[in-house]
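Notes for the one structure printed next.
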Amino acid sequence: MAIPLLEYAPNSQNSRVAGYEVGGDESPKRFMSGMVLSSEDATNIIEAAYRQIFFHAFKSDREPILESQLRYGQITVRDFIRGLLLSNTFKRSFYDLNSNYRFVEQCVQRVLGREVYSEREKIAWSIVVATKGIEGFVDELLNSAEYLENFGYDSVPYQRRRVLDGHDTGETPFNIKSPRYDGYYRSILGFPQIVWQNAVRRFTPQDQKPQAGSPANFLGMARGLSNAKGNTTPRVALSGNYLDLVPRR
């Protein structure tokens, strides 16, 4: 018996205000299906897809067969996104090391370009993962009306209606906000580790710097004096019979 899917209602930050898009580097760039892309366009699409899905693609994370198919127009951008979501790297890094709820949250952020509406939506998609597996879940996302209306077959997903840094409060991108590994697994794997390549420099505001004549300017000199060894009287070794040196009355 199949588990019935839960229904959830979409929400927005302000339903009374019509949606608007801010042009910039994150604006979508669409391409015609089946066309052979130029080397520059193909490279831009591939790197944007890796950033959106993986955040960063190491050499071992790359999918050369998918990249070649996209460059020569054999697959669409949507097919390339599907291949990344079903790759061993994505399964190993996101599915195997996270719960179904967190996995759903990360996929909705990366594929649909928005936050999960509510816990109810997270549970609903988790049921899809449990009943249809990863492949069925990915197909449900990519075949959804929301994905097709916003990104279609020829656009790399991006974070929609993101509050940019130019506003009072900037919003962290999803691929940085939700890293590959949860905190539990990050502690097991022993990262992140901070490695300082250079000496740490501390910035002191001008109004907090000590003025001329302030005792704080002489702390370094005082510490140097306290650590310096003072001159001691040298010891003279006595030779001979020291009793002869005692004065007699």
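Quick note: residue numbers are just sequence positions, from 1.
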Report task. Please test Phe103 against Phe94 for ring-ring contact (aromatic ring centres under 6.0 Å, His included), starting from the C-alpha separation and ending with a verdict. Result -> CA-CA 6 Å; Phe103 176 69; Phe94 294 90; 7.8 Å; no

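- When all heavy atoms are compared, the tightest approach of Leu141 to Cys107 is CD1-CB, 3.9 Å.
- With hydrogens and angles disregarded, no donor-acceptor distance shorter than 3.5 Å links the side chain of Asp139 to the backbone of Gly136.
- Ring pair Tyr158/Phe151 is perpendicular by interplanar angle, where above 60° counts as perpendicular and below 30° as parallel.
- Summarising the geometry, atom CD1 belonging to Ile81 is positioned 11.5 Å from atom CG belonging to Leu86; distances are rounded to the nearest 0.5 Å.
- Applying the side-chain hydrogen bond (donor to acceptor under 3.5 Å, both in side chains) rule to Glu67 yields the partners Tyr50, Arg62; only residues at least two apart in sequence or on another chain are considered.
- Closest of all the heavy-atom pairs between Tyr147 and Ser155 is OH-O, 4.0 Å.
- Here CG of Leu85 is found 10.5 Å from CZ of Phe80. Values are rounded to the nearest 0.5 Å.
- For Glu63 against Leu84, the heavy-atom pair with the smallest separation is CG-CD2, 4.0 Å.
- Interatomic distance, CD1 of Ile127 versus NZ of Lys132, reported as 11.5 Å (0.5 Å rounding).
- Closest heavy-atom contact between Arg110 and Ile53: NE-O, 2.9 Å.
- Side chain of Ser68 to backbone of Ile65: no donor-acceptor contact under 3.5 angstrom is found.
- Rounded to the nearest 0.5 Å, atoms CD (Glu121) and CD (Glu115) are 10.5 Å apart.
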